[in-house]
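Report on one structure; see the data block that follows.
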Amino acid sequence: MDIIKIAVLGIAGVLIAIPLKRERGEYSTFIAIIVCVCISFYLLTKVETILEFVERVEMLIPVDSKYVRMLIKMVGITYVAEFATNICKDAGYAAIASQIEIFAKLSILVVSVPVLGAFLEMVGNYL
């Protein structure tokens with residue numbers, strides 16, 4: 001199972017980083033970043049399966065593809081922001097992590113503006 005590989009990789013990274021944290025804290029942070037990047041690259045191989053599923057759903061259900069793309073963008077923004085935020089927090093830079101979170105929230109809002117506009121237009125048509 002893939003989760004076992006990822007769990008072993010994560011635990012191995014932690015076991016290597018812990019002893020280094022006392023003597024060379026910067027190396028510990030680098031190891032954590034490298035493990036996170038490795039896991040993220042492995043995660044990207046799984047995204048193809050999800051995108052294929054989304055394409056099949058689009059064929060079965062009459063949904064405008066631009067809305068599905070917006071949803072995928074929002075999920076992508078969320079994952080990237082979470083990844084970057086956690087790395088910054090682990091490195092001790094909580095202020096930068098907070099700024100990344102704020103930027104991600106605003107980015108999601110910007111991506112969702114067309115959906116909000118369509119919703120308001122639809123409500124306006126009913127009134």
Side-chain angles (χ1 to χ4, degrees):
M1 292 178 67
D2 294 335
I3 188 62
I4 293 172
K5 293 176 191 174
I6 297 302
V8 168
L9 176 62
I11 291 170
V14 168
L15 291 175
I16 292 169
I18 287 174
L20 291 174
K21 192 169 192 168
R22 289 185 207 114
E23 297 172 21
R24 305 288 265 177
E26 64 275 8
Y27 291 148
S28 175
T29 303
F30 289 136
I31 289 172
I33 291 171
I34 290 168
V35 170
C36 289
V37 168
C38 290
I39 292 172
S40 294
F41 280 132
Y42 191 75
L43 175 71
L44 288 176
T45 64
K46 302 297 181 184
V47 171
E48 183 180 356
T49 305
I50 295 168
L51 292 177
E52 288 173 2
F53 173 75
V54 168
E55 288 175 1
R56 280 185 285 168
V57 169
E58 282 181 331
M59 284 187 251
L60 296 174
I61 302 172
V63 176
D64 193 355
S65 64
K66 73 177 181 179
Y67 295 123
V68 175
R69 278 183 269 152
M70 277 188 239
L71 182 63
I72 291 171
K73 284 180 186 178
M74 289 179 202
V75 171
I77 291 168
T78 304
Y79 281 129
V80 169
E82 184 75 21
F83 175 78
T85 300
N86 287 335
I87 293 226
C88 290
K89 285 180 181 177
D90 284 348
Y93 295 98
I96 295 173
S98 296
Q99 293 302 311
I100 293 170
E101 287 176 345
I102 291 169
F103 186 80
K105 290 173 186 175
L106 289 174
S107 296
I108 289 172
L109 181 63
V110 167
V111 169
S112 67
V113 164
V115 175
L116 181 60
F119 175 73
L120 291 174
E121 183 179 317
M122 185 175 66
V123 169
N125 290 338
Y126 286 120
L127 298 176

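It should be emphasised that the depicted structure is a prediction, and the values quoted were computed from it without experimental measurement. What's counted below: heavy atoms across the whole structure, side chains too, no hydrogens, waters or symmetry copies.
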Please examine the side chains of [Y] and [X], heavy atoms only from C-beta on, and report whether any two atoms are closer than 4.5 Å.
X     : Y      : result
Thr78 : Ile108 : yes
Val37 : Phe83  : yes
Met70 : Pro114 : yes
Val35 : Cys38  : no

(request) For atom OH of Tyr79, decide whether the heavy atoms of other residues, nucleotides or ligands shown that lie under 6.0 angstrom number more than 12. (result)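 No, the 6.0 Å shell around OH holds no more than 12 heavy atoms from other groups.
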(request) Please check if atom CD in Glu23 has more than 12 non-hydrogen atoms from other residues, nucleotides or ligands closer than 6.0 Å. (result)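 Atom CD in Glu23 is not crowded, with 12 or fewer foreign heavy atoms closer than 6.0 Å.
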Approximate separation, where rounding is to 0.5 Å, of [X] [atom1] and [Y] [atom2]:
X     : Y      : atom1 : atom2 : value
Lys89 : Glu101 : NZ    : CD    : 4.5 Å
Ile33 : Cys88  : CD1   : SG    : 8.5 Å
Tyr93 : Thr29  : OH    : OG1   : 8.5 Å
Leu20 : Arg22  : CG    : CZ    : 10.0 Å
Glu82 : Ile100 : CD    : CD1   : 11.0 Å
Cys36 : Leu9   : SG    : CG    : 9.5 Å

(message) List the residues meeting side-chain contact (heavy atoms from CB on, under 4.5 Å) with Met122, not counting sequence neighbours, and say none if there are none.
(response) Phe119, Tyr126
Can you hop from [X] to [Y] via hydrophobic side chains spaced under 4.5 Å?
X      : Y      : answer
Leu116 : Leu109 : no
Met74  : Ile77  : yes
Ile31  : Ile6   : yes
Ile96  : Leu106 : no
Val75  : Leu51  : no

(message) Could you go through Arg24 and Glu26, starting from their C-alpha distance and side-chain angles, then the distance that decides it, and tell me whether this counts as side chain to side chain contact (heavy atoms under 4.5 Å, CB included)?
(response) CA-CA 6 Å; Arg24 305 288 265 177; Glu26 64 275 8; 3.7 Å; yes
(message) Checking Tyr42 against Asp2 for the side chain to side chain contact (heavy atoms under 4.5 Å, CB included) test, could you report, in this order, the C-alpha distance in whole Å, the side-chain angles of both residues, the deciding distance, and whether it holds?
(response) CA-CA 9 Å; Tyr42 191 75; Asp2 294 335; 2.6 Å; yes
(message) Other members of the hydrophobic cluster containing Ile34, with the 4.5 Å side-chain heavy-atom rule, please.
(response)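 Grouped by the 4.5 Å side-chain rule, Ile34 forms a cluster of one, so the answer is none.
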(request) Dump the intermediate steps for side chain to side chain contact (heavy atoms under 4.5 Å, CB included) on Ile72 and Val54, then the final yes or no. (result) CA-CA 9 Å; Ile72 291 171; Val54 168; 4.0 Å; yes
